[in-house]
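Step one of this worksheet: look at the structure below.
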Amino acid sequence: MPTNAQKPTYTRELPNAGTHLARCYQFIHIGTNEDSFKGEKKLFNKVRLSFELPDEMRVFKDGDEAKPMSISQEYTLSMGEKANLRKFVEGMIGSGLQNDEAYAFDVESLVGKACLITVIHKVSKAGNKRAEIASASPLMKNQKAPEQINPSKILSYSNFDEAFFETLPSFIKDKIVTSEEYRAMKGSTPLTPEELKRLKELREFKAEDVKYPEADEIPF
């Protein structure tokens, strides 16, 4: 029976909007999943980049030392001319890429590199405010970033780190285990009823720091 109860919203501290010193410390290849885009079912091969923000230090637990806030964003793994990932990479390295350079670019090589990122705040349909990376650029001349604090982590299907995988939040793990790449790695096992149920729930859940695909992110 409908209760007409409002869907709950939640709040959390977000990195301040504006330009920040940042260092990429994590790359996750999520893999290929089906999702809806403008009412159509499409396959998207996604990666997730995470950045620590040394100018946004916080004490997250009493008794611990201050640690940098972080921000993560997903991109379709496409380096086509209009792809958002390519625009982001070109901004971060401060150089335009020729097509052959773009297609050969190793996105994992961004891990450990410092840059400037511009953070903007947006409000989701549920009324929750989220932080999103709008753009990246190289450090200014003679500008130096503090030493990296978070350990560098890479999750790729060429060398899958099971221990790192187990530390990930459940909504990221759910995307990974339902991806074509993960299922192929595990021997193309069919999805269990529980996995199918979780996949359906995943399609309805919009993690606050996830950037959903724009038209120019669709690989051609």
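Computed from a predicted model, the values in this text were never measured in an experiment.
- Going from atom CG of N33 over to atom NZ of K42 covers 15.5 Å, rounded to the nearest 0.5 Å.
- Taking the six-membered ring where the residue is Trp, Y157 and Y182 present perpendicular rings, their angle passing 60° and hence far from 30°.
- Both F105 and I154 belong to a single network of hydrophobic side chains, linked directly or stepwise wherever heavy atoms of I, L, V, M, F, W or Y lie under 4.5 Å apart.
- Each of P54, P68, C115 was scored for a side chain to side chain contact (heavy atoms under 4.5 Å, CB included) with L21, with one residue passing: P54.
- For the atom pair R48 CZ and I176 CD1, the distance stands at 9.5 Å (nearest 0.5 Å).
- Within a 6.0 Å radius of CD in E65, other residues, nucleotides and ligands contribute 12 heavy atoms or fewer.
- Residues passing the side-chain contact (heavy atoms from CB on, under 4.5 Å) test with K141: none are found, sequence neighbours excluded.
- Residues E132 and Q73 have side chains in contact (heavy-atom distance under 4.5 Å, counting atoms from C-beta outward).
- From I28, atom CD1 reaches atom OG of S50 across 5.5 Å, with rounding to the nearest 0.5 Å.
- If you take OG1 on T76 and CG on N84, they are separated by 8.0 Å, rounding to the nearest 0.5 Å.
- Side-chain contact, T32 with E181: a donor N or O sits under 3.5 Å from an acceptor N or O.
- Taking CD1 of I30 as the start and NZ of K173 as the end, the distance is 14.0 Å to the nearest 0.5 Å.
- Side-chain N/O atoms of E81 and N99 include a donor and acceptor closer than 3.5 Å.
- Taking the six-membered ring where tryptophan is involved, the planes of F51 and F88 are perpendicular, since the angle between them exceeds 60° and thus also 30°.
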